[in-house]
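The structure appears right after this line, and notes come after that.
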Protein chains: 2
Amino acid sequence: MIGIKHIATELGVSVATISNALAGKGRVSRELGERIRRRAEELGYRPSLAARALKQGRTGILGLVMPDLTNPLFPRIAQTVSIAAERRKLGVLIADSRGSADEQTEAVRRLVGRGVDGLLVVKQRGTVLEPLPVPVAVVNTASDPQNTVSADHAGGGALVARHIADIGHRRVVLYGGDPVSEVQRDRIAGMASALEAGIRARVLWSTGDIAHLLNAVEQGATAILTTSDLLALRVRSALMRVGVSVPEAVSLTGFDDLPLATAMHPALTTVAQNVEAIAERAIESLTRALQGEDGPDIGRTVAMRLVVRESTAIPAFSPNRRHHHD
Amino acid sequence: MIGIKHIATELGVSVATISNALAGKGRVSRELGERIRRRAEELGYRPSLAARALKQGRTGILGLVMPDLTNPLFPRIAQTVSIAAERRKLGVLIADSRGSADEQTEAVRRLVGRGVDGLLVVKQRGTVLEPLPVPVAVVNTASDPQNTVSADHAGGGALVARHIADIGHRRVVLYGGDPVSEVQRDRIAGMASALEAGIRARVLWSTGDIAHLLNAVEQGATAILTTSDLLALRVRSALMRVGVSVPEAVSLTGFDDLPLATAMHPALTTVAQNVEAIAERAIESLTRALQGEDGPDIGRTVAMRLVVRESTAIPAFSPNRRHHHD
DNA sequence: ACGCTTGAGTTAAACGTTTAATCAAGTCTG
DNA sequence: CAGACTTGATTAAACGTTTAACTCAAGCGT
């Protein structure tokens with residue numbers, strides 16, 4: 001490997017001058033500076049990040065902690081984070097917390113132990129982050145006190161609920177994945193809050209028996225609002241099995257706008273999370289903190305966007321019964 | 001931060017002894033060794049990876065390059081890799097190549113520039129990797145000469161094709177995503193090779209018009225074999241739109257066994273990739289190379305597994321289909 | 001002619017480890 | 001009991017940068 005020293009002896013100057021020229025910092029004449037940079041380029045000089053890290057106490061690496069790397073949103077987050085980081089010449093080290101709170105703490109420790117300069121953590125349901133020696137940006141949900149930035153899950157829920165109410169539904173069921181998740185709870189809460197009096201909303205969770213859901217439909221619910229696209233696809237399948245058509249008999253909505261939303265039939269009405277904006281802001285907040293410009297931009301929330309597709313429609317006339325489509 | 005030096009002065013010994021005791025390397029008396037380790041533990045000593053990296057020339061970090069981080073398999077790969085790496089006390093730095101071959105080269109360079117000890121690259125369709133100063137494990141497909149380990153895509157194709165043939169289909173269409181992808185081509189080729197003479201197979205690509213596909217069905221094809229679950233879901237939707245039922249009228253298969261495979265209706269027959277085994281082996285090969293035990297275990301392939309669900313069935317008798325001898 | 005500033009570089013220390021070389025005792029060996 | 005190992009620990013160099021402090025010469029105003 002070719003280092004600063006090599007260039008220095010080759011050009012007959014001191015290493016400090018090379019360092020200065022390359023960093024554009026100290027006093028180096030225009031001419032010599034040029035010459036140094038040119039030669040470094042020619043030699044394909046790549047600074048030793050390890051040495052730099054040792055000296056400056058910063059590694060130029062960010063840690064990304066996800067509750068579970070198999071999370072369907074992980075790819076988009078990882079992508080945006082990695083691109084945003086790269087633009088700032090930072091690396092991204094990933095760590096999985098495998099769904100457990102303890103593992104999350106462990107993951108964070110490992111990353112800190114590796115000397116990351118900052119941490120971006122997509123937080124586990126309801127866990128608390130211990131104080132850390134590096135800046136942290138937390139992505140979760142607005143109702144989380146430690147949150148730095150997140151989608152407006154409640155707002156998104158309200159958005160889709162309002163849409164359903166607007167087109168005339170009066171009996172709906174809100175179908176959540178797992179009540180221990182803050183995000184899921186917020187989405188459900190948002191939906192509930194947006195439904196005016198006069199609308200009957202029943203909350204069910206997928207941790208229970210799906211028969212309850214079918215029951216509710218039989219008893220006259222005309223819309224099912226789920227907290228995730230995958231859940232919606234499951235519901236869609238269950239409905240199909242008992243011959244309930246979507247959206248003719250019941251309207252169905254998802255959450256997150258995953259790729260499958262457009263692939264299913266009918267294409268799913270859902271609410272999209274601007275993952276890119278969120279990740280971008282998180283990184284932004286992080287890099288600001290790194291540079292000491294500790295702006296208190298905590299608690300920002302990013303609006304969600306309603307995407308109306310084919311799975312929602314004006315409710316049919318008669319109160320719902322099981323019917324087979326013609 | 002508390003370093004080796006701190007412990008040394010505190011215990012009145014030299015730093016070298018501390019280092020030796022902690023690494024279990026040099027000559028240190030049993031008793032003193034214990035004392036040092038205990039004290040280090042108490043003080044919460046964490047070695048500076050930067051310093052170590054500088055001295056040893058190894059960072060303890062692996063690079064993971066994916067063709068596109070939004071790839072649906074990325075989460076599982078990332079998860080397995082990160083866990084396997086962690087077990088070996090290695091970190092994982094991710095980089096996205098955004099689907100472009102040039103970006104892939106760039107991503108690799110960046111990671112190497114960051115001093116990763118080894119590289120795990122899930123290769124872009126048909127790109128060639130330049131020679132690198134660090135060990136590399138390539139995951140792609142067996143037909144790629146640079147491949148280190150991969151799923152047996154062709155074998156998987158054969159598996160699903162044989163299943164379709166076994167249950168009696170005689171006219172099928174093989175539906176691929178994009179012919180520039182080596183993986184997709186291998187899957188299609190595997191399917192084709194497993195179909196005995198007497199079976200009419202037509203190959204179509206999703207880059208073309210989907211009408212061709214519906215056409216083929218109208219002309220008597222009773223099964224559609226796709227190269228991806230998402231593609232299968234798309235086909236399923238298209239069929240539904242024109243009133244063709246699955247599996248009664250036509251059987252449908254996917255590839256990869258994504259979460260959506262069980263969520264759709266009918267549950268999708270597909271072929272599962274043992275991503276975990278692949279990632280594990282790749283890391284294994286990589287770490288072996290790191291330790292100099294350069295075993296030529298190149299070209300290993302991991303079998304795929306057929307998962308029969310509800311989307312495939314014995315073909316129904318259909319009046320507009322020609323009869324033939326078995 | 002004098003001290004002052006300024007521009008252009010150099011020197012040398014420091015970052016926190018690892019590791020080869022060295023050393024001081026004590027223990028064998030014959 | 002002298003030399004030869006052995007054991008336990010120390011010294012000091014090295015890894016490749018960054019950076020504060022310093023030198024040296026030239027230009028400048030008074």
Side-chain angles (χ1 to χ4, degrees), chain A residues 1-37 39-40 43-61 89 91 112-117 133-134 290-291, chain B residues 1-37 39-40 43-61 89 91 112-117 133-134 290-291:
Chain A
M1 273 297 102
I2 150 152
I4 229 178
K5 208 168 198 166
H6 186 93
I7 311 187
T9 55
E10 213 195 70
L11 263 52
V13 298
S14 78
V15 292
T17 302
I18 307 288
S19 176
N20 281 330
L22 262 27
K25 282 197 145 181
R27 304 149 156 359
V28 181
S29 71
R30 200 97 202 97
E31 189 260 342
L32 181 54
E34 279 307 326
R35 207 144 54 89
I36 290 177
R37 277 183 291 273
R39 195 73 192 111
L43 293 172
Y45 165 72
R46 293 279 169 260
S48 152
L49 278 316
R52 187 174 290 173
L54 175 57
K55 182 70 215 226
Q56 326 212 62
R58 290 176 283 123
T59 52
I61 296 185
K89 303 216 169 302
V112 171
R114 284 210 169 270
V116 297
D117 291 344
V134 296
L290 286 185
Q291 288 154 13
Chain B
M1 272 297 100
I2 149 153
I4 227 177
K5 207 169 199 165
H6 186 94
I7 312 187
T9 55
E10 213 196 72
L11 262 51
V13 299
S14 77
V15 292
T17 302
I18 306 289
S19 176
N20 281 329
L22 262 27
K25 282 195 144 186
R27 305 154 159 351
V28 181
S29 70
R30 200 95 204 100
E31 188 259 345
L32 180 54
E34 278 309 323
R35 206 145 54 90
I36 290 177
R37 276 185 291 274
R39 195 72 192 111
L43 292 173
Y45 165 71
R46 293 278 170 259
S48 153
L49 279 317
R52 188 173 290 175
L54 175 58
K55 180 68 202 191
Q56 327 212 63
R58 291 176 283 125
T59 52
I61 296 184
K89 303 217 170 302
V112 171
R114 283 209 169 270
V116 298
D117 291 343
V134 298
L290 286 184
Q291 289 155 13

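None of these values were measured; they are calculated from a predicted model. Lettering follows sequence order; numbering is per chain, from 1. Side chains included, hydrogens not; waters and symmetry mates left out as well; all remaining heavy atoms used.
Nucleotide D/dA9 holds its P atom 11 Å from the CG atom of B/Leu11, rounded to whole Å. In this structure, A/Leu54 places its CG atom 10 Å from C1' of D/dT18, rounding to the nearest Å. Regarding A/Asn20, its CG atom lies at a distance of 10 Å from the C1' atom of C/dA8, rounded to whole Å. One interatomic measurement links the two molecules: CD of B/Glu34 to P of D/dG8, which rounds to 14 Å at whole-angstrom precision. Counting to the nearest Å, the P atom of D/dG16 and the CZ atom of A/Arg58 are 21 Å from each other. Between the P atom of C/dC15 and the NZ atom of B/Lys5 lies a distance of 6 Å, rounded to the nearest Å. Nucleotide D/dG16 holds its P atom 10 Å from the OH atom of A/Tyr45, rounded to whole Å. We find that CG of A/Leu22 is positioned 16 Å from P of D/dG16, with the value rounded to whole Å.
Residue A/Val15 comes nearest to A/Lys5 through the heavy atom pair CG1-CA, 3.8 Å, listed as atom of the first residue, atom of the second, then distance. Across A/Arg37 and A/Leu22, no two heavy atoms sit closer than the pair CG-CD1, 3.8 Å. Minimum heavy-atom separation, B/Ala50 to A/Ala53: CB-CB, 3.9 Å.
Axis angle across the helix from C/dA1-D/dT30 to C/dG30-D/dC1, with five pairs used at each end and values rounded to 10°: 50°.
The nucleotide whose nearest atom lies closest to any side-chain atom of B/Ala51 is, among C/dT17, C/dA8, C/dT19, C/dT17.
Side-chain atoms of A/Lys55 stay outside donor-acceptor range of the base of D/dT17, with no qualifying N/O pair under 3.5 Å.
The nearest heavy atom of DNA chain D to B/Gln56 and to A/Arg52 marks one nucleotide each, and the one closer to the 5' end goes with B/Gln56. Nucleotides of DNA chain D nearest to A/Arg27 and A/Ile4 differ in position, and the one nearer the 5' end is that of A/Ile4.
Heavy atoms from other residues, nucleotides or ligands lying under 6.0 Å from CZ of B/Arg39 number more than 12.
At least one side-chain nitrogen or oxygen of A/Ser14 sits closer than 4.0 Å to the OP1 or OP2 atom of C/dT10. Phosphate proximity of C/dT19 to B/Ser19: absent, as no side-chain N or O sits under 4.0 Å from OP1 or OP2. A close approach under 4.0 Å does occur between a side-chain nitrogen or oxygen of B/Thr17 and OP1 or OP2 of D/dT10.
Residue pairs that meet the side chain to side chain donor-acceptor pair (under 3.5 Å) test with at least one member in residues 47-59 of chain B, sequence neighbours left out, are B/Thr59-B/Asp117.
In this structure, B/Val112 and A/Arg46 have side chains that are not in contact, with every pair of non-hydrogen atoms separated by 4.5 Å or more. In this structure the side chain of B/Ile61 reaches within 4.5 angstrom of the side chain of A/Arg114, judged on heavy atoms.
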